[in-house]
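Have a look at the structure below before the remarks.
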Amino acid sequence: MTASLPGAGALRAALARHGVTPTKALGQNFVIDPNTIRRVVDAAGLEGRERVLEVGAGAGSLTLALARAAAQVVAVEIDGALLPVLEETLRGVDNVCVRHADALEIDLASTGAERLVGNLPYAIATTLVVKALSSAPAIASLTVMTQKEVGDRLTARPGSDGYGPVSVLVALHAHARVALRVSRRAFYPVPGVDSVVVRIDRREDAPVADPEGVARVVRAAFSQRRKTLRNAIAPLAGSARAAEAALRRAGIEPRARAEAVGVDGFVALARALRTG
């Protein structure tokens with residue numbers, strides 16, 4: 001596969017030939033800039049022997065670049081209208097398996113993927129990332145392009161504006177960072193928001209004991225941000241008094257709020273609630 005990646009004009013023409021118009025309902029903003037595609041693949045750090053799961057294959061431009069950089073690609077696309085476009089873009093490529101499916105409904109572990117790469121729509125980005133981290137342990141890293149607002153939440157640290165439940169749930173399993181900022185002109189149609197590429201690498205030292213218990217505590221803690229943790233987790237603990245006791249056992253000030261607590265604090269709190 002030595003031919004150059006298709007440019008913006010070629011991809012628009014392919015979409016037009018097959019009567020495909022990008023739809024807001026599916027969050028479709030196709031990445032059409034070859035240089036951006038190359039930078040995304042570089043950010044994924046592929047070494048040529050990996051099995052990659054691509055979510056949101058779209059018109060296939062990123063799929064084609066991934067096929068050149070990996071041993072095998074499983075490309076998932078929910079929009080059946082795009083399948084003929086993908087077939088055209090991937091003509092002659094023999095290491096890509098296209099699946100017409102909703103990535104939120106398939107068993108990600110069953111794909112056998114070791115890496116996940118994708119241009120993720122706003123509506124599914126955080127849910128898909130958390131699902132992959134919690135249900136597909138063989139996926140060692142995720143490289144996802146998404147809106148800057150979502151990227152900020154995925155990578156946020158305690159005390160920052162974007163810090164919330166998804167920030168903690170990602171940190172429970174992995175280290176996340178913004179790897180690239182992406183120009184709006186790299187997409188068709190041009191979106192009204194800025195985009196970033198986030199690289200997420202699974203932690204080898206992840207505190208895997210009772211992740212569902214930690215998730216329940218995190219969701220309760222952030223359910224009412226203005227409340228102190230003592231009051232926010234009282235329903236989960238059984239009473240405000242029990243919540244305060246658990247917080248003190250976990251080494252957390254009961255009057256603290258959720259946005260001030262890091263992942264290790266929530267792990268300790270879940271343990272304190274479980275054993276108290």
Side-chain angles (χ1 to χ4, degrees), residues 43 120 122 124-135 137 139-181 193-237 240 242-276:
L120 304 183
Y122 175 89
I124 73 163
T126 57
T127 304
L128 190 281
V129 166
V130 172
K131 176 183 176 179
L133 289 172
S134 60
S135 70
I139 296 178
S141 73
L142 298 83
T143 305
V144 296
M145 187 155 37
T146 188
Q147 291 186 12
K148 180 179 180 298
E149 178 188 343
V150 175
D152 288 344
R153 292 206 299 270
L154 293 172
T155 60
R157 302 293 183 261
S160 63
D161 289 343
Y163 190 67
V166 72
S167 314
V168 182
L169 296 178
V170 168
L172 181 64
H173 298 280
H175 301 290
R177 62 182 176 85
V178 173
L180 299 171
R181 300 192 181 279
V193 295
D194 295 323
S195 297
V196 295
V197 174
V198 176
R199 172 69 184 256
I200 302 168
D201 292 292
R202 193 177 290 278
R203 294 172 54 178
E204 294 182 0
D205 62 340
V208 295
D210 192 25
E212 287 303 316
V214 176
R216 284 193 295 273
V217 172
V218 169
R219 293 185 179 106
F222 282 95
S223 63
Q224 299 184 65
R225 283 178 176 265
R226 293 186 180 182
K227 285 191 174 184
T228 65
L229 281 170
R230 178 184 186 273
N231 293 329
I233 69 164
L236 198 62
E244 180 169 343
L247 285 159
R248 294 196 183 281
R249 288 196 300 274
I252 301 171
E253 165 56 50
R255 291 174 295 179
R257 287 177 168 78
E259 58 265 27
V261 178
V263 64
D264 291 339
F266 282 112
V267 171
L269 179 55
R271 186 182 305 116
L273 285 167
R274 189 170 64 249
T275 60

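By the 4.5 Å heavy-atom criterion applied to side chains, Arg202 and Leu133 are counted as neighbours. Residues Leu269 and Leu273 have side chains in contact (heavy-atom distance under 4.5 Å, counting atoms from C-beta outward).
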Exercise for review: Decide yes or no on side chain to side chain contact (heavy atoms under 4.5 Å, CB included) for Thr155 and Val198, but give the supporting numbers first.
Suggested key: CA-CA 8 Å; Thr155 60; Val198 176; 3.7 Å; yes
Review point. After noting the C-alpha distance and the side-chain angles of Leu120 and Val129, does the key distance pass the side chain to side chain contact (heavy atoms under 4.5 Å, CB included) rule?
Key: CA-CA 10 Å; Leu120 304 183; Val129 166; 4.3 Å; yes
Exercise for review: Before giving the answer on salt bridge (Lys or Arg N to Asp or Glu O under 4.0 Å), spell out for Arg153 and Glu149 the whole-Å C-alpha distance, their side-chain angles and the decisive distance to 0.1 Å.
Suggested key: CA-CA 7 Å; Arg153 292 206 299 270; Glu149 178 188 343; 3.1 Å; yes
Practice item. Using the side chain to side chain contact (heavy atoms under 4.5 Å, CB included) rule, take Leu247 and Arg230 through it: C-alpha gap first, then chi angles, then the decisive distance, then the call. Key: CA-CA 7 Å; Leu247 285 159; Arg230 178 184 186 273; 4.2 Å; yes
Point to revise | Verdict with reasoning, Val196 to Asp152, per side chain to side chain contact (heavy atoms under 4.5 Å, CB included) | key: CA-CA 9 Å; Val196 295; Asp152 288 344; 5.9 Å; no
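Between the side chain of Arg219 and the backbone N or O of Val217, no donor-acceptor pair lies under 3.5 Å. Under the 3.5 Å distance criterion, the side-chain polar atoms of Thr127 are left unmatched by any main-chain donor or acceptor of Ile124. Arg199 places no side-chain N or O within donor-acceptor distance of the main-chain N or O of Ala179, the cut-off being under 3.5 Å. The backbone N or O of Val261 lies less than 3.5 Å from a partner atom in the side chain of Tyr163, making a donor-acceptor pair.
Heavy-atom minimum distance, Ala258 versus Phe266: O-CZ, 3.8 Å. Annotation for Gly162 and Ser167: closest pair O-OG, 3.6 Å, computed over non-hydrogen atoms. Closest approach of Thr146 and Gly151 over heavy atoms only: CG2-N, 3.9 Å. The two atoms that bring Thr228 and Pro254 nearest to each other are CB-O, 3.6 Å, heavy atoms only. Residues Pro158 and Gly262 come closest through the heavy atom pair CG-CA, 3.7 Å. In terms of heavy atoms, Val218 sits closest to Pro165 at CG1-CA, 3.7 Å.
With respect to Arg248 and Glu244, a salt bridge is recorded, a charged nitrogen being found less than 4.0 Å from a carboxylate O.
Exactly one residue among Val166, Thr126, Val193 makes a side-chain contact (heavy atoms from CB on, under 4.5 Å) with Val150. That residue is Thr126.
Note on residues 251-262: pairs passing side-chain hydrogen bond (donor to acceptor under 3.5 Å, both in side chains), not counting sequence neighbours, are Glu253-Arg255.
The distance from atom CD1 of Ile200 to atom NE2 of His175, rounded to the nearest 0.5 Å, is 12.0 Å. The distance from atom CD1 of Ile252 to atom CD1 of Ile233, rounded to the nearest 0.5 Å, is 7.5 Å. Rounded to the nearest 0.5 Å, atoms CZ (Arg249) and CZ (Arg271) are 12.0 Å apart.
The side-chain contact (heavy atoms from CB on, under 4.5 Å) test applied to Ala232 returns Lys227, not counting sequence neighbours.
Summarising the local packing, NZ of Lys131 is surrounded by more than 12 heavy atoms from other residues, nucleotides or ligands at distances under 6.0 Å.
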